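Each residue takes its place number in the sequence, starting with 1. On a predicted model such as this, the values are computed, not experimentally measured, just so you know.
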Amino acid sequence: MNRRIFSFCGLLLGLLFLASSCKKDTPLPPQLSEGELRQTVWNGTLEHKNAKRDSYSVYLNFLSDSEVEVSGYDLKDPTYPRDVQVRYYYTITDRILTLKAQVNRELHPPMDQNTWYLIRKEPSLLVFQANAGNPDREATLTLRRKL
């Protein structure tokens, strides 16, 4: 009888150990590494959740580990001058992209007023989101690699 109890307890402990080691792996959020964007060119769109705010076509040319040229134009107004470029300083920390304009020249869209969180990463696609949960200011930046 004791032998059966010990066998049953051993089996139960083995199953508990197996169940605890089979936890579901939660996927890690996508991350960017420093230097990963250096000397790459991306085109895409910046769209706001609030329909009253404009959407933009954007072009980003990452010149170095800290500088990026950004240009953008309003998708609703194709006559908006496309040659407006602003240089930004940028930093990347795991999945956060921050931009800071080098001069007081305003770019539309003003991309340096947000913290951009990487929510999707593929070899030629990056999707960032800013102000998640704030429907008036929430924005999505979708970029496709060109070079």
Side-chain angles (χ1 to χ4, degrees), residues 8-147:
F8 179 75
C9 289
L11 180 63
L12 185 61
L13 284 173
L15 287 174
L16 285 173
F17 176 76
L18 183 63
S20 68
S21 65
C22 292
K23 291 180 183 175
K24 290 185 180 179
D25 291 332
T26 56
L28 294 174
Q31 295 184 351
L32 286 170
S33 60
E34 198 171 312
E36 191 172 346
L37 296 177
R38 177 185 24 189
Q39 297 178 357
T40 60
V41 177
W42 301 77
N43 284 350
T45 58
L46 186 146
E47 299 174 288
H48 290 92
K49 188 173 185 177
N50 184 341
K52 293 179 183 176
R53 298 188 75 172
D54 293 335
S55 294
Y56 297 90
S57 177
V58 294
Y59 166 87
L60 287 85
N61 180 9
F62 290 90
L63 303 169
S64 68
D65 288 338
S66 61
E67 288 185 280
V68 60
E69 273 183 346
V70 178
S71 62
Y73 66 94
D74 188 336
L75 288 173
K76 293 178 186 173
D77 184 6
T79 63
Y80 186 82
R82 297 177 188 208
D83 61 345
V84 177
Q85 285 188 344
V86 174
R87 279 204 181 185
Y88 287 98
Y89 293 114
Y90 76 95
T91 57
I92 294 173
T93 309
D94 295 334
R95 56 186 291 233
I96 297 174
L97 172 68
T98 54
L99 300 163
K100 182 174 173 36
Q102 292 183 9
V103 294
N104 283 342
R105 184 174 177 196
E106 189 172 329
L107 173 70
H108 292 284
M111 295 174 60
D112 61 343
Q113 300 190 4
N114 297 309
T115 299
W116 296 97
Y117 290 88
L118 182 65
I119 58 172
R120 185 171 167 200
K121 178 184 175 190
E122 294 176 13
S124 61
L125 174 73
L126 297 174
V127 180
F128 294 91
Q129 190 171 39
N131 303 308
N134 182 348
D136 190 45
R137 296 191 59 221
E138 188 172 325
T140 303
L141 176 64
T142 305
L143 300 173
R144 298 194 185 286
R145 187 178 184 147
K146 295 301 175 188
L147 292 175

**Request:** Verify whether the ring centers belonging to Tyr73 and Tyr59 lie closer than 6.0 Å.
**Result:** no
**Request:** Nearest 0.5 Å please: distance from the NZ atom of Lys49 over to the CD atom of Gln129.
**Result:** 8.0 Å
**Fill in**
Minimal heavy-atom distance between Leu143 and Phe128, with the atoms involved, is CD1-CE1, 4.1 Å
**Message:** For a 4.5 angstrom cut-off between non-hydrogen side-chain atoms, does Gln31 reach Asp94?
**Reply:** yes
**Asked** Quick one: do the Thr98 and Thr91 side chains pair a donor with an acceptor below 3.5 Å?
**Response** yes
**Request:** Would you give the length of the straight line joining atom OH of Tyr90 to atom CG of Leu63, rounded to the nearest 0.5 angstrom?
**Result:** 8.5 Å
**Item:** pair Leu118-Ile96: side-chain heavy atoms closer than 4.5 Å
**Value:** no
**Trp42 to Arg145 - nearest heavy-atom pair and separation** = CE3-N, 3.2 Å
**Request:** Could you tell me which non-hydrogen atom of Pro30 sits nearest to which non-hydrogen atom of Lys121, and how far apart they are?
**Result:** CB-CB, 3.7 Å
**Request:** Examine distances only and state if a side-chain atom of Ser64 and a backbone atom of Glu67 form a donor-acceptor pair shorter than 3.5 Å.
**Result:** yes
**Prompt:** Can you check whether Leu141 reaches Val58 side chain to side chain, under 4.5 Å on heavy atoms?
**Reply:** yes
**Message:** Evaluate Leu126 against Arg120 for side-chain contact (heavy atoms from CB on, under 4.5 Å), listing each step before the verdict.
**Reply:** CA-CA 6 Å; Leu126 297 174; Arg120 185 171 167 200; over 6 Å; no
**Item:** Residues Leu60, Val41; criterion side-chain contact (heavy atoms from CB on, under 4.5 Å); working and verdict
**Value:** CA-CA 6 Å; Leu60 287 85; Val41 177; over 6 Å; no
**Message:** Using a strict threshold of under 4.0 Å (side-chain N to carboxylate O), is an ion pair present between Asp65 and Arg38?
**Reply:** yes
**Item:** Gap separating the CD atom of Gln102 from the OG atom of Ser66, nearest 0.5 angstrom
**Value:** 8.0 Å
**Request:** Working to the nearest 0.5 Å, report the span between OG1 of Thr142 and CD1 of Ile119.
**Result:** 7.5 Å
**Complete:** Scanning both residues in full, the closest heavy-atom pair of Tyr88 with Met111 reads OH-N, 3.8 Å
**Asked** Of all heavy-atom pairs between Gly133 and Pro135, which one has the smallest distance, and what is that distance?
**Response** O-CD, 3.2 Å
**Item:** Residue pair Leu46 / Trp116, side-chain heavy-atom distance below 4.5 Å
**Value:** yes
**Request:** Give, for atom NE2 of His48 and atom CG of Asp136, the distance between the pair rounded to the nearest 0.5 Å.
**Result:** 9.5 Å
**Closest approach of Leu99 to Asp112 (non-hydrogen atoms, all atoms of both residues)** = O-CB, 3.2 Å
**Request:** Would you give the length of the straight line joining atom CG of Asn50 to atom CG of Asn134, rounded to the nearest 0.5 angstrom?
**Result:** 9.5 Å
**Prompt:** Would Glu122 and Arg144 pass as an ion pair if we require N to O under 4.0 Å?
**Reply:** no
**Prompt:** Can you check whether Leu32 reaches Leu37 side chain to side chain, under 4.5 Å on heavy atoms?
**Reply:** yes
